[in-house]
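In what follows, chains carry the letters A, B, and so on, assigned in the order in which the sequence lines appear, proteins first and then strands, with residues in each chain numbered from 1.
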Amino acid sequence: GQQVMQIPQYQHVQEGEDFTTYCNSSTTLSNIQWYKQRPGGHPVFLIQLVKSGEVKKQKRLTFQFGEAKKNSSLHITATQTTDVGTYFCAISSGSARQLTFGSGTQLTVLP
Amino acid sequence: SAVISQKPSRDICQRGTSLTIQCQVDSQVTMMFWYRQQPGQSLTLIATANQGSEATYESGFVIDKFPISRPNLTFSTLTVSNMSPEDSSIYLCSVGAGNEQFFGPGTRLTVL
């Protein structure tokens with residue numbers, strides 16, 4: 001099945017700095033989803049991207065889907081302590097739309 | 001949206017025993033999913049549970065080790081059988097609604 005590589009594994013930033021996590025695939029993706037998991041919590045859906053070159057914004061979060069639909073990124077502007085958690089990209093595929101997750105990027109925001 | 005509850009929230013078990021995890025959804029859904037999240041790792045799909053048919057298991061997971069029941073459209077159970085310390089993980093159920101999946105709070109299992 002399809003796989004997606006995610007980098008970096010860990011990121012420590014000072015509060016107010018920006019943060020970006022990247023997901024890359026060797027094959028063309030039909031879609032990509034992003035989830036956030038707070039420490040001790042469960043993954044929570046953030047967004048789905050389906051169109052080539054798509055850019056979506058949610059307040060300080062910007063999501064991009066590459067033109068070739070093989071990569072995606074999540075950028076957070078001016079991080080806050082509430083942004084702490086692990087961010088996962090995921091591919092929805094199959095008749096049941098089951099998810100294949102990237103390895104995740106654990107974000108630490110230092111006050 | 002969907003609200004999902006899981007029982008137990010956590011458990012500590014002895015090796016060789018089995019634990020059954022329950023997942024309850026507040027609405028009727030066709031598919032329910034079971035994931036495993038090992039400490040510090042990502043989520044891995046164990047199986048897809050479709051009401052009225054046998055669950056479909058992903059590579060590396062077998063029914064004898066992780067039997068699943070799906071008696072109705074709002075409930076499912078996952079049993080972790082003959083446990084070993086390597087089974088220590090968080091087990092999460094999820095359901096899809098529209099484009100997104102909703103996850104239960106997870107069951108944190110420690111096997112001694």
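- Between the side chains of A/H75 and A/T20, at least one donor-acceptor pair of N or O atoms lies under 3.5 Å.
- Of the listed residues (B/E58, B/R108, B/Q101, B/M31), the one with the most heavy-atom contacts under 4.5 Å to chain A is B/Q101.
- Using non-hydrogen atoms only and a strict 4.5 Å limit, the part of residues 59-92 of chain B facing chain A consists of B/L92.
- Separating the OG atom in B/S9 from the CG atom in B/L109 is a distance of 12.0 Å, to the nearest 0.5 Å.
- For B/T48 and A/Q98, the side-chain atoms include no donor-acceptor pair closer than 3.5 Å.
- Residue contact with chain B, scored on non-hydrogen atoms closer than 4.5 Å, is absent for A/Q106.
- By the 4.5 Å heavy-atom criterion applied to side chains, B/F103 and B/L43 are counted as neighbours.
- Between the side chains of B/Q51 and B/T30, no donor-acceptor pair is found at a separation under 3.5 Å.
- Residues passing the side-chain contact (heavy atoms from CB on, under 4.5 Å) test with A/S92 are A/N31, A/Q33, A/R97, A/L99, sequence neighbours excluded.
- Contact of B/F102 with chain A is not made at all, since no heavy-atom distance falls under 4.5 Å.
- By the criterion of side-chain heavy atoms lying less than 4.5 angstrom apart, applied directly or through intervening Ile, Leu, Val, Met, Phe, Trp or Tyr residues, A/V4 is grouped together with A/I47 in one hydrophobic cluster.
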